[in-house]
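Reading through the structure tokens given below for one structure.
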Amino acid sequence: MKENYYCVIMAGGIGSRFWPLSKLSAPKQFLDILGTGKTLLQATFDRFRNMFPAERIYVVTSSIYEQIVFEQLPQISRQQILLEPLRRNTAPCIAYASYKLGELDPAAVLVVAPSDHLILNESAFLQEIRKGLGFVEENDALLTLGLLPTRPETGYGYIQFENKQLQPGIENLRKVKTFTEKPNLELAKVLVDSGEFYWNSGIFLWSVKSIKRSMENHLPEIAQLFDLKKVYNSNKEIDEISRVYSNCRNISIDYGVMEKATNVYGLAADFGWSDLGTWSSLYEHSSTDINGNTLQGKNVFVYETTNSVIRFPNEKIVVLQGLNDYIVVESGNILLICKKVDEQKIKNYLNDVKLKLGDNVI
């Protein structure tokens with residue numbers, strides 16, 4: 001792997017659609033959601049560790065998670081953990097990492113990936129990353145990975161690619177035609193049936209030069225805030241970043257840059273991907289009993305219950321009867337019972353709880 005190639009892992013979210021298992025104090029990226037013996041962050045790090053030396057993998061996270069990141073990833077130094085004082089979405093997160101790494105290495109080429117995704121075929125995934133890094137190193141391009149959809153999912157954004165092949169030897173490289181944000185079910189069915197749309201993975205590749213230029217063109221106020229020459233990697237960085245984030249708006253890289261730029265490309269791929277953003281996505285990748293239930297808890301008894309997600313602490317005795325397509329999850333002092341079809345409303349339920357009881361309970 002070339003010395004100017006770096007990996008940036010975004011690990012600052014709260015995973016609110018996975019509530020109540022994912023909480024402010026311990027978001028899903030720091031949990032062993034899949035029961036593999038590794039947290040999602042650790043699995044992501046290990047995946048990229050097959051390509052990058054540990055010293056060229058950086059993690060951007062909330063300042064309140066510094067210690068948990070360091071404990072879960074002892075292979076990296078504190079200097080490789082970029083701390084966000086406030087949550088401001090993915091554009092500021094990516095700006096911070098890009099400008100900081102640009103000061104270390106102006107020729108840096110980055111892959112930027114979330115910390116909480118499931119990749120079933122890791123060798124195929126890494127092959128696409130290698131291919132993409134080579135392309136963005138040689139071209140002024142912003143590259144994203146588009147995944148072949150398997151269902152009309154309303155929780156994902158979609159990408160439409162142009163049909164023209166752009167470069168010999170990279171058959172699945174296409175120019176991006178349109179982005180569609182999370183659609184309703186009816187539109188999602190139309191997009192999937194068309195055969196022209198792919199899921200937006202939220203995994204990006206670009207050179208530092210290209211992403212900085214794009215931010216200067218499309219998010220000039222953010223570019224100006226993060227253009228802190230001689231501040232990064234010094235004892236002034238923490239204070240300056242705190243000032244920057246207090247003046248920085250909340251905006252995603254998709255809205256702020258990708259949907260506006262004209263040099264956006266995609267690799268149409270299929271390597272068994274899920275963002276593990278919802279209980280249904282976890283259900284899809286979990287083993288089930290003969291009635292289609294995924295169960296966790298030593299003392300859970302189910303009767304006439306099918307196709308449901310059921311998770312309880314081992315010490316809890318639970319009896320459930322007559323449920324179909326439900327999510328039933330207990331974590332700490334919180335119990336959630338929700339239809340799977342309505343799981344996108346979990347964020348709303350969480351907001352109602354917070355308004356009444358405060359952030360501390362979640």
Side-chain angles (χ1 to χ4, degrees), residues 7-10 13 15 17-18 28-29 33-34 40 43-44 47-48 50-51 90 94 110-133 135-136 141-163 165-166 170-185 187-206 252-255 257-259 264-286 343-344:
C7 174
V8 175
I9 299 173
M10 298 182 289
R17 288 181 295 168
F18 245 116
K28 66 171 180 172
Q29 63 267 27
I33 295 269
L34 295 168
L40 295 179
T44 302
R47 184 179 306 131
F48 284 111
N50 290 318
M51 284 185 64
T90 52
I94 287 168
L110 313 180
V111 53
V112 181
S115 58
D116 51 5
H117 288 186
L118 172 69
I119 307 291
L120 294 177
N121 189 339
E122 295 198 355
S123 62
F125 169 74
L126 295 176
Q127 183 178 352
E128 297 299 332
I129 296 298
R130 289 188 184 93
K131 191 188 303 181
L133 287 170
F135 175 73
V136 298
L142 309 179
L143 184 68
T144 186
L145 299 185
L147 284 306
L148 190 68
T150 58
R151 63 183 184 278
E153 173 61 56
T154 61
Y156 299 161
Y158 288 74
I159 309 169
Q160 184 182 26
F161 293 137
E162 295 181 357
N163 290 324
Q165 183 177 337
L166 297 175
I170 310 182
E171 295 181 1
N172 59 332
L173 177 67
R174 299 287 188 271
K175 190 83 183 288
V176 170
K177 188 175 182 180
T178 62
F179 285 89
T180 301
E181 289 305 313
K182 297 172 183 177
N184 59 33
L185 184 58
L187 178 56
K189 289 178 179 177
V190 172
L191 299 181
V192 173
D193 290 344
S194 74
E196 298 179 359
F197 288 80
Y198 287 71
W199 286 334
N200 183 356
S201 69
I203 300 169
F204 307 105
L205 301 96
W206 42 54
S252 73
I253 196 69
D254 291 292
Y255 279 121
V257 174
M258 303 298 282
E259 294 181 13
V264 180
Y265 300 82
L267 289 173
D270 183 15
F271 39 72
W273 170 89
S274 171
D275 77 342
L276 290 180
T278 64
W279 286 107
S280 287
S281 62
L282 177 64
Y283 175 84
E284 185 179 340
H285 297 286
S286 300
E343 68 177 344
Q344 296 297 333

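Of the inter-residue distances, the one linking Trp199 atom CH2 with Ile159 atom CD1 reads 12.5 Å to the nearest 0.5 angstrom. With rounding to the nearest 0.5 angstrom, the CG atom of Leu282 is 4.5 Å from the CZ atom of Phe18. Interatomic distance, CD1 of Ile203 versus OG1 of Thr144, reported as 7.5 Å (0.5 Å rounding).
With hydrogens and angles ignored, the 3.5 Å screen pairs a side-chain donor or acceptor of Ser115 with a backbone N or O of Met10. Distance alone, capped at 3.5 Å, places no donor-acceptor pair between the Thr180 side chain and the Tyr158 backbone. No donor-acceptor pair closer than 3.5 Å links the side chain of Asn172 to the backbone N or O of Leu267. Side-chain N or O atoms of Ser274 include none that pairs as donor or acceptor with a backbone N or O of Leu118 at under 3.5 Å. Under a 3.5 Å cut-off, the side chain of Gln29 and the backbone N or O of Gly13 do form a donor-acceptor pair. Between the Lys177 side chain and the Glu196 main chain, no donor and acceptor come within less than 3.5 Å of each other. With Glu343 contributing its side chain and Trp279 its backbone, the two residues share a donor-acceptor pair below 3.5 Å. Side chain of Arg174 to backbone of Gly266: no donor-acceptor contact under 3.5 angstrom is found.
Put simply, the side chain of Leu34 reaches to within 4.5 Å of the side chain of Leu276, judged on heavy atoms. With a 4.5 Å cut-off on side-chain heavy atoms, Thr178 and Phe197 count as touching.
Leu205 and Ile129 get closest at one heavy-atom pair: CD2-O, 3.7 Å. The nearest pair of heavy atoms linking Arg130 to Asn50 is NH2-O, 4.3 Å. The two atoms that bring Trp273 and Asn200 nearest to each other are CH2-O, 4.1 Å, heavy atoms only. In this structure, Ser281 and Gly277 approach most closely via the heavy-atom pair OG-N, 3.3 Å.
Under the 4.0 Å criterion applied to side-chain N and carboxylate O atoms, Glu284 and Arg151 are assigned as salt-bridge partners.
The environment of CZ in Phe271 is crowded: more than 12 heavy-atom neighbours from other residues, nucleotides or ligands sit within 6.0 Å. No more than 12 heavy-atom neighbours from other residues, nucleotides or ligands sit within 6.0 angstrom of CD on Gln127.
For an aromatic pair to be called close, the ring centres must be under 6.0 Å apart, and Tyr156 with Tyr198 fails this.
Of the residues Val264, Leu173, Leu133, the one that meets the side chain to side chain contact (heavy atoms under 4.5 Å, CB included) test with Leu143 is Leu173.
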